Amino acid sequence: MIKILLISNNPFSRTEHNGKTLASFFQGWSDVAVSQLFFRPEKPDGTGADGVDVAVGYYQVTDGDALHGRAGRSFAPGGTDFAQDVDQTSLTARAPNTPTSGIYKASWRSWSLTRILRERVWKHYPFMEKNQSWLKEMEDWRPDLIFFCAGDSLFAYDVVEDLHERLDCKLIMYVTDDYILPYRSLSPFYVLRRGQIRERMLSCGRAADAVFTIGQKMRDTYEREYGLTSRCLVNMSPDHQTPYKVAHQSGERPLRLIYAGGLHYDRDLVLRRAADAIAIVNQEHEKSLFELDIFAPRTLSERRLRRLNSEFSHFHGPVGPDELEAKLKDADILLFVESANRSAIRSTRLSLSTKVPEYLSYNRCVLSIGDQRSSSIHYLSDYSLTAQDNVRSIAGVLRAVAARPKLLEETATVGYSRFRSHHAPEKLREAFREALLSALSSTDRQV
């Protein structure tokens, strides 16, 4: 039995994207047992870990724990025994009234400074001393390796470094988002934090027995810029394939575009432009050819959310996973968007969204809207209909579909073929297992 201590911001989840991705790598591996340490004020979703042997449950330490100098809390393997009340206000349950919960809602103007202040709280938090009971449990369990999902929280690197030394086991670092490439900014706090994260991430990567990155673009960039060698560990998705329905042409209902995902990085503005393009094309044909349905958490102001509602665009908020799957299977077009503004491009330049394999798995036409500098948009360019982030370009694609509905089925076929060849779970899990076993058997560390 291989024992893995997974350290990440998010717990396993059936709905939250990072939690879904993490769980997918370990599902169905009978000779692996996993325990998870996580930091976000979220409740573990036991159903999200279906097929994963969560041997000794979950352990959560939040910003509030660090602020008050207290120990974290344990959850049973099924995600039960949560020690705080939860508020079902989003796709994942979050603990309300957490003293530092505002950190996750901080505006872009104060975000970097807020994060620096948060790090100061954690810097003075004696993690190993306050969580001795859990640490003793880990020492008795004796994990074979730590699988660390490296992000932009400096304190997490301190925790991993201490646990790596204390537990004397192998270390694997997994990077899904870019937090280290240097960018100019008017905020000195942004520049400072990015430099600090770069230093810690590269140090952790060089100490690790193996490094995984989310895609080829990130792998190549980090190796070229920093000499950090890694292997690609791309996102996977269950196969949701259903027979493709002939595009609806009788006029009884419009073609349904569905967007299901987050609204951060100004994606709501792209969706608004898509809605405007739909209105233009519908008016040109003097009938409702297209309609857009948006399923997303209510993470923006009510003013911005209201702008997503129009005659041909409808914001529905979040829905459960089973209902969402049914909606996606009934769609004619699955909409994937990334904003082309500079700050959004910085955030999405090297990351491959979890939505990419998920959408391709449905055997439905994907329409990707955004800038080719975004890794996900660039990746989808050969397997979807594509438009730039402006009304004119989006309307042009919709006109092409209206003139030739067969485009939908043709594009769906290409996309699903890519899913089967590059994102099917059985193939990626096997590659992941081989890499994991290789790291466990290695005697030399990366340099």
Side-chain angles (χ1 to χ4, degrees), residues 2-38 40 42-55 58 77-79 91-92 145-151 172-177 210-216 218 230-241 260-262 320-322 324-325 328 334 336 351-363 376 379 415-416 418-437 439:
I2 300 171
K3 300 174 184 178
I4 299 175
L5 172 57
L6 175 63
I7 302 178
S8 60
N9 273 330
N10 303 88
F12 288 148
S13 173
R14 189 182 177 193
T15 54
E16 201 279 330
H17 292 152
N18 290 334
K20 283 172 59 178
T21 298
L22 291 174
S24 67
F25 291 127
F26 299 99
Q27 285 171 338
W29 199 352
S30 59
D31 55 350
V32 164
V34 180
S35 183
Q36 187 176 23
L37 167 65
F38 67 97
R40 290 291 293 271
E42 300 177 0
K43 180 180 179 181
D45 179 358
T47 62
D50 284 348
V52 182
D53 181 3
V54 185
Y58 307 84
L91 291 177
T92 303
L145 72 83
I146 292 172
F147 189 91
F148 172 44
C149 301
I172 290 178
M173 183 176 79
Y174 177 40
V175 185
T176 61
D177 295 284
V211 176
F212 292 123
T213 42
I214 193 67
Q216 182 176 338
M218 180 180 285
S230 64
R231 298 184 57 163
C232 288
L233 183 59
V234 298
N235 295 322
M236 68 181 82
S237 169
D239 192 336
H240 300 99
Q241 191 265 354
D322 294 332
L324 182 60
E325 181 176 336
L328 294 174
L334 301 180
F336 183 90
S351 301
L352 188 66
S353 170
T354 57
K355 279 296 175 185
V356 169
E358 181 181 356
Y359 273 12
L360 295 178
S361 75
Y362 276 91
N363 193 33
S376 296
Y379 185 89
Y416 182 70
R418 180 67 177 184
F419 165 78
R420 290 304 311 165
S421 63
H422 285 74
H423 298 282
E426 61 272 16
K427 295 181 180 180
L428 292 183
R429 286 194 187 111
E430 186 59 35
F432 172 60
R433 291 167 187 173
E434 290 176 3
L436 209 64
L437 292 172

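For this chain, numbers begin at 1 and follow the sequence in order. Predicted model, so just to flag it, every value in this text is computed and none were measured.
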For [X] versus [Y], what's the shortest heavy-atom pair and its separation?
{"X": "Lys427", "Y": "Ser421", "answer": "NZ-CA, 3.9 Å"}
{"X": "Pro425", "Y": "Pro238", "answer": "CG-CA, 4.4 Å"}
{"X": "Leu37", "Y": "Leu5", "answer": "N-CD1, 4.3 Å"}
{"X": "Thr213", "Y": "Ser230", "answer": "OG1-OG, 2.8 Å"}
{"X": "Glu358", "Y": "Ser237", "answer": "CA-OG, 3.5 Å"}
{"X": "Gly215", "Y": "Val234", "answer": "CA-CG1, 4.3 Å"}

Who pairs with Arg420 by salt bridge (charged side-chain N to carboxylate O under 4.0 Å, His left out), at least two apart in sequence or on another chain?
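Asp239, Glu426.
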Are [X] and [Y] close enough that some pair of their side-chain heavy atoms sits under 4.5 Å apart?
{"X": "Ile4", "Y": "Ile146", "answer": "no"}
{"X": "Pro44", "Y": "Tyr58", "answer": "yes"}
{"X": "Arg429", "Y": "Trp29", "answer": "no"}
{"X": "Met236", "Y": "Ser24", "answer": "yes"}

Could you tell me how the ring of Phe147 sits relative to the ring of Phe212: parallel (under 30°), tilted (30 to 60°) or perpendicular (over 60°)?
tilted
Give me the ring orientation class for Phe432 and Phe25: parallel if the planes are under 30° apart, tilted from 30 to 60°, perpendicular past 60°.
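Judged by the thresholds at 30° and 60°, the geometry between Phe432 and Phe25 is tilted.
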Rounded distance [0.5 Å steps], [atom1] in [X] versus [atom2] in [Y]:
{"X": "Leu22", "Y": "Ile7", "atom1": "CG", "atom2": "CD1", "answer": "12.0 Å"}
{"X": "Leu436", "Y": "Arg231", "atom1": "CG", "atom2": "CZ", "answer": "10.0 Å"}
{"X": "Ser361", "Y": "His240", "atom1": "OG", "atom2": "NE2", "answer": "5.0 Å"}
{"X": "Asn235", "Y": "Leu428", "atom1": "CG", "atom2": "CG", "answer": "9.0 Å"}
{"X": "His422", "Y": "Tyr379", "atom1": "NE2", "atom2": "OH", "answer": "5.5 Å"}
{"X": "Cys149", "Y": "Phe38", "atom1": "SG", "atom2": "CZ", "answer": "13.0 Å"}

Ignoring hydrogens and geometry, is there a side-chain-to-backbone donor-acceptor pair from [X] to [Y] under 3.5 Å?
{"X": "Arg40", "Y": "Ser8", "value": "no"}
{"X": "Ser351", "Y": "Thr176", "value": "yes"}
{"X": "Gln36", "Y": "Asn10", "value": "yes"}

Any chance the rings of Tyr359 and Phe419 have centres within less than 6.0 Å?
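Tyr359 vs Phe419: aromatic centres not under 6.0 Å.
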Would you say the rings of Tyr362 and His423 are close, in the sense that their centroids are separated by under 6.0 Å?
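Centroid distance His423-Tyr362: not below 6.0 Å, so no.
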Taking only residues two or more places apart in sequence, or in another chain, which ones meet Ser353 in a side chain to side chain contact (heavy atoms under 4.5 Å, CB included)?
Phe336, Lys355, Val356, Ser376
How far apart are the C-alpha atoms of Leu233 and Tyr174, what are their side-chain angles, what is the distance that settles it, and do they pass the side-chain contact (heavy atoms from CB on, under 4.5 Å) test?
CA-CA 8 Å; Leu233 183 59; Tyr174 177 40; 3.8 Å; yes
As a quick check of understanding, evaluate side-chain contact (heavy atoms from CB on, under 4.5 Å) for Ile172 and Leu145, giving each step before the final call.
CA-CA 7 Å; Ile172 290 178; Leu145 72 83; 4.2 Å; yes
